[in-house]
> 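Below are the structure tokens for one structure; questions will follow.
Per chain, numbering begins at 1; letters A, B, ... match sequence-line order.
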There are 2 protein chains.
Amino acid sequence: MTGKRLSKEQRHQTLLQKLEENPLLTDEQLAKELGVSIQTIRLDRLALGLPEMKERAKNLASRALSGEHYPASLEVVGDLLYCEPGVGGLSRMVAEPGMSLTRYNVIRGHYLFAQANSLAVAVADAPHALTGSARVEFPHPARVGEVLMARARVLERRGRRFVVEVVTRVEEKAVFQGKFLILALDERTLAEGIFGMEGKATGDGREKDD
Amino acid sequence: MTGKRLSKEQRHQTLLQKLEENPLLTDEQLAKELGVSIQTIRLDRLALGLPEMKERAKNLASRALSGEHYPASLEVVGDLLYCEPGVGGLSRMVAEPGMSLTRYNVIRGHYLFAQANSLAVAVADAPHALTGSARVEFPHPARVGEVLMARARVLERRGRRFVVEVVTRVEEKAVFQGKFLILALDERTLAEGIFGMEGKATGDGREKDD
DNA sequence: CATTCCTTTATTACTAAGTCTTAAGATCTA
DNA sequence: TAGATCTTAAGACTTAGTAATAAAGGAATG
């Protein structure tokens, strides 16, 4: 498929590049893409000191896991560009077609909310935080393809409660603004499912300790 | 050495917890930690629908790679069970692991918002509607596996503005409540990107129609 | 031409961490 | 005591590799 056979040197370069693009390729897939046998790929990996796919996956996974001190990846919407816990932060998100209302390319409000909410939780200076309430406005619709920059400021902090203000802009135009009340929770509270008010939570008597 | 043998139920819980803490554990390690045989762990994973370690690693890796942009699809959130435009509606959503905060299985606020927002827009009696603003509260955390029933009522309608109230419950307990101001838009307004207030919108002359 | 060297491919044996199936004990319960 | 459920075991197969060894191919050179 790649037509002519490359030199070994070139193949090594291509290999490195392919793996950088997608570290989850197996030897078999690589062999197919480069038009050589699996064994050749193995030799190449050996020569270049590249680990096998399982290793690469595990490395990525554990990096993703450990890099989760400040809540970068997993369930955060938008890319956290900057975050100073307790002070403020910045998040970037590109409005994609999947986020839009039918026709018209208008981004659904909950995407903007999700980005802002993620950011607000991130800037709360606490290992675990939840949204308690929010007051939000969508002064202007955002559209597919636009770059949404959300900026958060912690307005005040009283004990375990943070008030965070988030404004999301496209260029200079605000498309979202809101105030979030974020509650910092300690482990016990979370684990027990009690939330601070109105007493019992699940009430199913599940107790785990370790 | 967890000492005494746990019940199956308890073991399942422990297993989930262990894997949440460290998804890269092999069956063998889990077996050792829980004091049962590997086969038992395999059966447990089968029963709980948990993939093998390689899969978990790959999933984590690819999620980390793709910057996990639109996560767990926020697009259509919840199943619309019933909807009477201009009056009210009902939406059901099962809280999935992908919606949760790491550890602790607490559902992120923006999923609740997304469900409620989707429903609020749906019950607005208009072909095209957008959220203008919202005031929301999360009186209680929701957890993975719970069934979230959102109920919407149109409180008032003035011209193109609807005020919709949404309350989401798990069993009888409210986990979300909010008021949405929904704006019904006509085709022209939407297509031109003008939103009702503050004059010009994008100003970049982008007009798309289909 | 044959030889030598390098690269590539093929073959075989082996591993980790699973899969799926069937079967045999152990334990609980009616 | 009998039946059902839970747990462990055993055997065959899978994927994506490691490692070692053998064989084939082309290109330059004496």
> Give the rounded distance in Å between these two atoms: CG of A:Leu24 and C1' of D:dG17.
15 Å
> What is the distance, rounded to the nearest whole Å, between atom CD of B:Gln29 and atom P of C:dA16?
13 Å
> Count the heavy atoms of every other residue, nucleotide or ligand shown that sit under 6.0 Å from CD of B:Glu28, and state whether that count exceeds 12.
no
> Just the rounded figure in Å: distance from P of D:dA16 to CG of A:Leu30.
12 Å
> Run the side-chain contact (heavy atoms from CB on, under 4.5 Å) test against B:Gln29 and tell me which residues pass, sequence neighbours left out.
B:Leu25, B:Thr26
> Donor-acceptor pair, B:Arg169 side chain versus B:Leu148 backbone, under 3.5 Å?
no
> Please identify each residue that fulfils ring pair (Phe, Tyr, Trp, His ring centres under 6.0 Å) with B:Phe113, with sequence neighbours left out.
A:Phe113, B:Phe180
> Nearest nucleotide by nearest heavy atom, which residue falls closer to the 5' end of DNA chain D, B:Ile38 or B:Lys54?
B:Ile38
> Taking the minimum atom-to-atom distance to the side chain of A:Thr40, which one of C:dT9, D:dA16, D:dA9 wins?
C:dT9
> Using the side-chain heavy atoms of B:Asp27, tell me which of these nucleotides is nearest: C:dT9, D:dT15, C:dT19.
C:dT19
> The criterion is salt bridge (Lys or Arg N to Asp or Glu O under 4.0 Å); which residues satisfy it with B:Arg45, sequence neighbours excluded?
B:Asp27
> Listed by chain and number, what are the side-chain contact (heavy atoms from CB on, under 4.5 Å) partners of A:Ser133, not counting sequence neighbours?
A:Leu181, B:Glu137
> Identify each atom pair where a protein N or O and an N or O of nucleotides 20-25 of chain D are less than 3.5 Å apart, giving names and distance.
none

> How would you list, by chain and number, every residue that makes a salt bridge (Lys or Arg N to Asp or Glu O under 4.0 Å) with A:Arg151, sequence neighbours excluded?
none
> How many whole angstroms separate atom CD1 of A:Ile41 from atom P of D:dT15?
20 Å
> Roughly how many Å is it from CZ in B:Arg56 to C1' in C:dG18, rounded to a whole number?
11 Å
> Calculate the interatomic distance between B:Lys32 atom NZ and D:dT8 atom C1'; express it in whole Å.
16 Å
> Who are the ring pair (Phe, Tyr, Trp, His ring centres under 6.0 Å) partners of A:Phe162, not counting sequence neighbours?
none
> List in chain and number order the residues that pass side-chain contact (heavy atoms from CB on, under 4.5 Å) with A:Lys58, two or more places apart in sequence or in another chain; answer none if no residue qualifies.
A:Glu55, B:Leu24, B:Met53, B:Ala57
> Mind checking salt bridge (Lys or Arg N to Asp or Glu O under 4.0 Å) for A:Glu156 and listing every partner two or more places apart, or none if nothing turns up?
A:Arg158
> From CD of B:Glu28 over to P of D:dA9, roughly how many Å is that when rounded to an integer?
13 Å
> Excluding sequence neighbours, so at least two apart, what forms salt bridge (Lys or Arg N to Asp or Glu O under 4.0 Å) with A:Arg153?
A:Glu165
> Could you work out how much the helix from C:dC1-D:dG30 to C:dA30-D:dT1 bends, comparing the axis of its first five pairs with that of its last five, to 10°?
20°
> For DNA chain C, determine which residues of residues 42-53 of chain B have any heavy atom closer than 4.0 angstrom to one of its atoms, and list them numerically.
B:Arg42, B:Arg45, B:Glu52, B:Met53
